[in-house]
Amino acid sequence: ITVANKPYEAIPQDVSEEVSWPTSSVRLLDMETYAVIDSYALPNHERAHSITTTHLIAQTTNVIIVGTAIQRAHGEEPTEGRMLTFSVNT
């Protein structure tokens, strides 16, 4: 997977550090064996919430688009996130 945008570096300062957060990542799996082909780790407090694929005709490539949300505290609705675009080279 090639990430087509810059990593999100500005995690909000008011994110609760005393809460234990699980890590999150985006993984590309082999469709027959389910083996992990590649992965992209998301920063702490960021979670993938939606995913879609598309083909860019002008660039003749397949892309995966992932929508994320940054969780500030448990139970609080996320108000920030990113759209990540991954180029899939087959």
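Heads up: numbering here begins at 1 and tracks the sequence. Side chains included, hydrogens not; waters and symmetry mates left out as well; all remaining heavy atoms used.
Here L42 contributes atom CG and S25 contributes atom OG; the two are 6.5 Å apart, rounded to the nearest 0.5 Å. The NE2 atom of H49 lies 6.5 Å from the CD atom of Q71; values are rounded to the nearest 0.5 Å. Note that CG of D38 and CZ of R27 are 11.5 Å apart. Values are rounded to the nearest 0.5 Å. Taking CD1 of I70 as the start and CZ of R82 as the end, the distance is 7.0 Å to the nearest 0.5 Å. Atoms CG and CE, from L28 and M31 in turn, are 11.5 Å apart once rounded to the nearest 0.5 Å. Rounded to the nearest 0.5 angstrom, T52 OG1 and I64 CD1 are separated by 10.0 Å.
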| task | Might you work through the side chain to side chain contact (heavy atoms under 4.5 Å, CB included) test for F86 and V63, ending with a clear yes or no? | result | CA-CA 5 Å; F86 298 95; V63 295; over 6 Å; no
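Scanning all heavy atoms of the two residues, the minimum distance from E46 to S24 falls at O-CB, 3.4 Å. Minimum heavy-atom separation, V66 to A48: CG1-CB, 3.8 Å.
Under the 4.5 Å side-chain heavy-atom criterion for ILVMFWY residues, no single connected hydrophobic cluster contains both L29 and I37.
Looking at L84, I51, T54 one by one, the single match for side chain to side chain contact (heavy atoms under 4.5 Å, CB included) with I65 turns out to be T54.
Listed for the H55 side chain is a donor-acceptor partner under 3.5 Å among the backbone atoms of T61.
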